[in-house]
Amino acid sequence: MGRLCCRNCSQAFSLDHPIWRCSCGGLLDIEFTAKFPLNQLKRRKPTIWRYREAIPIENSKNIVSLGEGVTPLLTVNLYGKKVLIKQDHLMPSGSFKDRGASVLISKVKELSIKKVVIDSSGNAASAVAAYCAHAGVDCHVFVPEKTSREKLAQIASYGANLIRVKGTREDAAEAALEMAQKTYYASHYWNPFFFQGTKTLAYEICEQLGWHSPDSVVLPVGNGTLILGAYLGFNDLYKSKITNRQPKIIGVQAANCAPIYHAFKEGLTELPQIISRPTMADGVAVANPPRIGQILDAIRNTRGTILAVSEKNIVLALRELAAQGFFVEPTSALTMAGLKEYAKISSQHETIVSIFTGHGLKAATKILEVMKQPAEANKI
Ligand SMILES: *Cc1c(COP(=O)(O)O)cnc(C)c1O
Ligand SMILES: [Zn+2]
């Protein structure tokens with residue numbers, strides 16, 4: 001019903017092969033034809049699994065679900081423009097990562113795997129730990145030591161084996177890779193099944209717009225699981241002739257850690273040498289995303305662009321959002337700061353969709369800290 005395909009050497013594997021990268025070391029993608037029985041969809045439950053025929057899980061008894069998906073698409077007046085915001089901070093574990101985790105851990109169950117390892121800045125690990133708990137899978141999590149205490153509490157509560165790694169996000173990834181020599185790597189950015197979940201964001205947006213594609217989507221980018229999932233999903237609908245175009249993809253990075261932004265501006269196809277500094281937007285603090293080439297393709301192929309946001313503007317957006325009753329993670333505030341910039345250069349009648357990727361409660365301590373300071377003092 002589909003196959004795993006290496007982006008590097010084009011070797012193909014069956015979907016039952018328990019691998020997360022090719023024997024040549026290359027990244028894997030999934031080749032699979034998504035189907036959409038639109039007439040039946042209306043009667044189905046509001047979770048990502050309403051798109052069952054578009055998700056490459058063989059047997060429905062293996063589905064691991066916590067009721068994720070079909071988040072509200074709220075019309076918000078932001079910066080003098082009407083924009084639509086997907087409320088993915090309302091997911092079961094508090095971030096959009098539940099889309100990917102539900103599909104990935106369903107595949108883990110399908111493969112009868114009992115133990116997995118993952119590294120993340122916090123939210124992917126929280127999501128994978130939640131679905132592993134639900135499925136009874138032993139979960140080992142590597143996070144950078146600076147991960148927010150709220151996310152650490154969440155991961156530990158789900159019963160995952162939590163390992164805090166001294167150093168950066170990259171150091172946590174390296175430690176996880178070491179363990180992944182012998183354990184199934186449930187990595188949200190290496191493992192291609194994760195993207196088969198994040199793509200449902202695009203399906204939901206189009207369904208909520210009456211099966212129309214928006215003109216542009218403004219999305220944060222770190223490892224690209226959201227942006228690549230969205231690209232895949234919009235493409236599936238376009239290929240199935242359900243929508244008649246694909247939206248422009250507008251990526252948002254933190255100026256302090258912006259490898260994709262620099263590569264895009266300089267017309268590169270690979271990872272540029274950048275100096276990365278800490279950012280409040282920990283969800284996108286990724287200095288060397290393995291799928292950078294794919295991410296650049298998605299942005300270029302849709303005639304999109306990429307923006308970089310300062311720490312000052314992240315805090316400003318946090319304040320502005322909270323003042324309107326939206327309590328989201330700093331990484332989501334970054335996205336709104338990017339949206340503000342994009343609103344200035346977009347055309348008058350564009351339908352723009354963006355997303356709240358993570359709940360504010362995941363970083364409540366940090367948010368309170370920066371909000372307590374006088375507005376001018378907010379620089380890092
Ligand atoms: C993971 C995450 C992102 C970035 O997603 P990528 O898949 O790494 O590009 C953005 N916001 C939040 C809250 C996240 O957890
Ligand atoms: Zn290969």
Side-chain angles (χ1 to χ4, degrees), residues 4-13 17 19-29 86-91 93-101 104 118-128 143 147-148 150-151 154-155 169 173 187-192 194-195 197-199 201 218-232 249 251-254 257-261 279-292 294-295 298-299 306 309 314 318 327-336 338 354-363 366-367:
L4 296 161
C5 246
C6 175
R7 292 187 65 78
N8 182 46
C9 73
S10 304
Q11 210 178 149
F13 306 88
H17 225 68
I19 51 171
W20 53 271
R21 71 175 164 196
C22 180
S23 47
C24 81
L27 289 152
L28 295 172
D29 280 340
K86 271 296 258 181
Q87 311 281 297
D88 268 29
H89 63 311
L90 304 178
M91 286 280 184
S93 89
S95 86
F96 80 87
K97 299 273 185 351
D98 289 355
R99 296 181 183 279
L104 176 54
I118 183 174
D119 57 281
S120 107
S121 67
N123 283 339
S126 300
V128 166
V143 292
T147 302
S148 85
E150 291 87 349
K151 292 179 191 174
Q154 193 182 2
I155 296 164
R169 174 74 189 75
S187 165
H188 53 301
Y189 50 99
W190 272 101
N191 201 305
F194 200 87
F195 300 82
T198 53
K199 72 180 183 182
L201 174 76
V218 179
L219 307 170
V221 208
N223 269 310
T225 69
L226 184 63
I227 233 175
L228 290 175
Y231 181 57
L232 202 65
I249 294 184
V252 187
Q253 291 217 288
C257 183
I260 300 160
Y261 171 80
T279 169
M280 272 192 78
D282 53 1
V284 290
V286 181
N288 55 354
R291 292 190 187 260
I292 187 167
Q294 247 175 312
I295 296 167
I299 295 171
I306 180 149
V309 170
I314 298 173
L318 260 184
F327 191 55
V328 292
E329 268 194 61
T331 310
S332 299
L334 160 123
T335 313
M336 294 305 118
S354 189
I355 178 170
F356 290 153
T357 46
H359 204 290
L361 291 172
K362 282 176 169 277
K366 180 76 192 170
I367 293 173

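All ligand and atom numbering here is 1-based and tracks the order in the structure.
Within the structure, ligand 1 lacks Ser332 among the residues with a heavy atom less than 4.0 angstrom away. Residue contacts with ligand 1: Gly224 is included, with a non-hydrogen atom under 4.0 Å away. By the 4.0 Å heavy-atom criterion, Leu226 is counted among the residues contacting ligand 1.
For ligand 1, one of its N or O atoms has an N or O atom of Gly222 under 3.5 Å away. Considering backbone and side-chain N/O atoms, Thr357 comes within less than 3.5 Å of an N/O atom of ligand 1. Taking distance alone, with nitrogen or oxygen atoms compared against 3.5 Å, Asn223 approaches ligand 1 more closely than that limit. Considering backbone and side-chain atoms together, Asn123 places an N or O closer than 3.5 Å to an N or O of ligand 1. Remark: ligand 1 and Val221 share no N or O pair separated by less than 3.5 Å (distance only, no angle test).
From Ile306, atom CD1 reaches atom CD1 of Ile249 across 11.0 Å, with rounding to the nearest 0.5 Å. Met91 contributes atom CE, which lies 9.5 Å from atom CZ of Phe96 (distance to the nearest 0.5 angstrom). To the nearest 0.5 Å, atoms CD1 (Ile355) and CG (Leu201) are separated by 4.5 Å.
Protein heavy atom in closest approach to atom 5 (O) of ligand 1: Phe96 CZ, 3.5 Å. Of the protein's non-hydrogen atoms, Thr331 CG2, 3.5 Å is the one closest to atom 10 (C) of ligand 1. Nearest protein heavy-atom contact of atom 7 (O) of ligand 1 is Thr225 OG1, 2.4 Å. Distance from atom 4 (C) of ligand 1 to its nearest protein heavy atom, with residue and atom name: Gly283 O, 3.5 Å.
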Indicate every side-chain donor-acceptor pair of residues 283-290 with a distance under 3.5 Å to a residue at least two apart or in another chain.
none

Q: Give the intermediate values and the outcome of salt bridge (Lys or Arg N to Asp or Glu O under 4.0 Å) for residues Asp88 and Arg99.
A: CA-CA 9 Å; Asp88 268 29; Arg99 296 181 183 279; 2.8 Å; yes
Q. When you look at Ser332 and Thr357, which way does the side-chain hydrogen bond (donor to acceptor under 3.5 Å, both in side chains) test go after all the steps?
A. CA-CA 6 Å; Ser332 299; Thr357 46; 2.9 Å; yes
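Distances from atom 2 (C) of ligand 1 to the heavy atoms of Lys151, Lys97, Glu329, Lys362 put Lys97 nearest.
Judged by distance alone, with hydrogens and angles left aside, the side-chain atoms of Gln253 form a donor-acceptor pair with the main-chain N or O of Ile260 at under 3.5 Å. For Arg291 (side chain) and Trp190 (main-chain N/O), a donor-acceptor pair under 3.5 Å exists by modelled atom type. Thr279 places no side-chain N or O within donor-acceptor distance of the main-chain N or O of Asp282, the cut-off being under 3.5 Å. Of the possible polar contacts, one joining the Ser354 side chain to the Val218 backbone as a donor-acceptor pair under 3.5 Å is found.
Taking every non-hydrogen atom of Pro220 and a distance limit under 4.0 Å, the qualifying atoms of ligand 1 come out as 10 (C). In the vicinity of Gly358, heavy-atom distances shorter than 4.0 Å reach the ligand 1 atoms 13 (C).
Ring pair His359/Phe327 is perpendicular by interplanar angle, where above 60° counts as perpendicular and below 30° as parallel.
Ion pairing of Glu329 with Lys366 is absent here, as no side-chain N (NZ or NE/NH1/NH2) approaches a carboxylate O to less than 4.0 Å.
Contact annotation for Tyr189 and ligand 1: no heavy atom of the residue comes within less than 4.0 Å of the ligand.
Counted by atom type alone, Ser93 and Asp98 present one or more donor-acceptor pairs between their side chains at under 3.5 Å.
Nearest heavy-atom pair across Leu219 and Ala230 is CD1-CB, 3.8 Å.
Protein-derived N/O/S atoms nearer than 2.8 Å to the Zn ion (ligand 2) total 4, waters excluded.
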